[in-house]
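Read the structure below first, then the notes.
Below, each value reflects all heavy atoms present in this structure, side chains not excepted, and no hydrogens, waters or symmetry copies.
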Amino acid sequence: MIEKALEIQTSKIGTETGVSDWVTIEQDRIDTFAEVTEDPQWIHTDPERAAKETPFGGSIAHGFLTLSMASKFAIDTAEDLPGQVMGINYGLNKVRFLNPVCAGDQIRGRFVLKSVTQKSPTQLLSENTLTIEIKGKDTPALIAQWLGMAVFEA
């Protein structure tokens, strides 16, 4: 089965493999993330102060909150390959935060398959360029090189 999956993935290298739906990043989500990560910096959690003292016009999402949405975007767009039993987040080679996500902004993930390598008889390692776009803005929130391991039946 892994041979068929490798063939399918190899044929998609260099192509866009998924675009998620838009997700609104509300202040409640930002506040919850701040609480869970113990990062209550005022540019995230005090919209009034952020409106007065920053160029953003209000509070902004944590960069890691924006990055954490990658999991949702992948779940929304990824298709299991023939014989695949699970997918594992294998890490990131590079992440660049390019534009802040303001409270109320909508974001989505766009995936382009960059490479795929068979790592074992039951594992394929894929690298995707993930771009998290902000609706209505030319510059994305972030661009990342994200690695994922697809695990197959033995």
Side-chain angles (χ1 to χ4, degrees), residues 5 8-82 84-117 119 123-151:
I8 291 168
Q9 287 297 86
T10 300
S11 74
K12 294 181 180 180
I13 292 173
T15 67
E16 184 173 271
T17 56
V19 178
S20 73
D21 291 333
W22 293 104
V23 174
T24 303
I25 303 299
E26 299 287 359
Q27 187 64 48
D28 287 347
R29 186 186 303 250
I30 295 169
D31 292 341
T32 300
F33 190 86
E35 183 179 328
V36 168
T37 60
E38 299 183 27
D39 181 2
Q41 188 179 90
W42 63 267
I43 63 171
H44 307 302
T45 61
D46 189 338
E48 293 78 24
R49 183 177 176 191
K52 292 178 191 169
E53 298 181 32
T54 73
F56 309 124
S59 60
I60 61 171
H62 303 71
F64 285 123
L65 167 55
T66 303
L67 181 59
S68 74
M69 295 303 296
S71 293
K72 177 189 178 16
F73 299 147
I75 289 167
D76 289 351
T77 61
E79 297 178 15
D80 283 344
L81 296 162
Q84 183 177 347
V85 294
M86 75 175 103
I88 299 170
N89 177 359
Y90 201 71
L92 299 152
N93 280 341
K94 182 177 179 179
V95 179
R96 292 293 179 262
F97 297 100
L98 304 174
N99 202 6
V101 174
C102 298
D105 278 349
Q106 291 184 307
I107 62 173
R108 72 176 175 189
R110 182 178 300 275
F111 297 87
V112 174
L113 183 60
K114 191 172 176 185
S115 66
V116 61
T117 307
K119 298 301 277 186
Q123 296 178 324
L124 290 182
L125 180 65
S126 297
E127 182 177 4
N128 283 275
T129 299
L130 165 62
T131 303
I132 296 185
E133 304 171 329
I134 307 169
K135 193 171 196 175
K137 296 185 182 175
D138 292 333
T139 303
L142 68 83
I143 297 176
Q145 301 304 320
W146 191 14
L147 303 173
M149 185 72 76
V151 181

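Separation of atoms OG (S59) and CD (E48) is listed at 8.5 Å; rounding is to 0.5 Å. In this structure, OG1 on T77 lies 10.0 Å from CG on D21, to the nearest 0.5 angstrom. Interatomic distance, CG of L142 versus CE of M69, reported as 11.5 Å (0.5 Å rounding). Rounded to the nearest 0.5 Å, atoms CZ (F97) and CD1 (I143) are 12.0 Å apart. Distance CD1/I25 to CD1/I60: 13.0 Å, rounded to 0.5 Å. Rounding to the nearest 0.5 Å gives a distance of 6.5 Å between CD1 of I13 and OG of S115.
Nearest heavy-atom pair across T66 and A141 is CG2-CB, 3.8 Å. S68 and F33 get closest at one heavy-atom pair: OG-CE1, 4.1 Å. Taking every heavy atom of both residues into account, P140 and T131 meet most closely at CB-CG2, 3.6 Å. Of all non-hydrogen atoms in P100 and D105, the two that sit nearest each other are O-OD2, 4.2 Å. A pairwise comparison of heavy atoms in A70 and L130 identifies CB-CD2, 3.4 Å as the closest pair. When all heavy atoms are compared, the tightest approach of E53 to W42 is CB-CH2, 3.8 Å.
Using a 4.5 Å cut-off on side-chain heavy atoms (C-beta onward), F64 and V95 make no contact. Contact of the C102 side chain with the K137 side chain is registered, since non-hydrogen atoms from C-beta on lie closer than 4.5 Å. Contact of the L92 side chain with the L67 side chain is registered, since non-hydrogen atoms from C-beta on lie closer than 4.5 Å. Contact check for E79 versus I8: no side-chain heavy atoms found under the 4.5 Å cut-off.
S20 places a side-chain N or O within 3.5 Å of a backbone atom of G109 that can act as its donor or acceptor partner. In terms of modelled atom types and a separation under 3.5 Å, the side chain of T45 and the main chain of P40 share a donor-acceptor contact. The main-chain N or O of M86 is found under 3.5 Å from a side-chain atom of Q84 such that the two form a donor-acceptor pair.
Checked against R110 for a side chain to side chain contact (heavy atoms under 4.5 Å, CB included), the options V19, T129, I132, T17 give a single hit: V19.
In the displayed structure, Y90 atom OH is contacted under 6.0 Å by at most 12 heavy atoms of other residues, nucleotides or ligands. Counting heavy-atom neighbours within 6.0 Å of E35 CD, excluding the residue itself, gives a total of 12 or less. The local environment of CG in D39 is crowded, with over 12 non-hydrogen atoms from other residues, nucleotides or ligands closer than 6.0 Å.
Aromatic ring orientation, H44 versus H62: parallel (interplanar angle below 30°, classes split at 30° and 60°).
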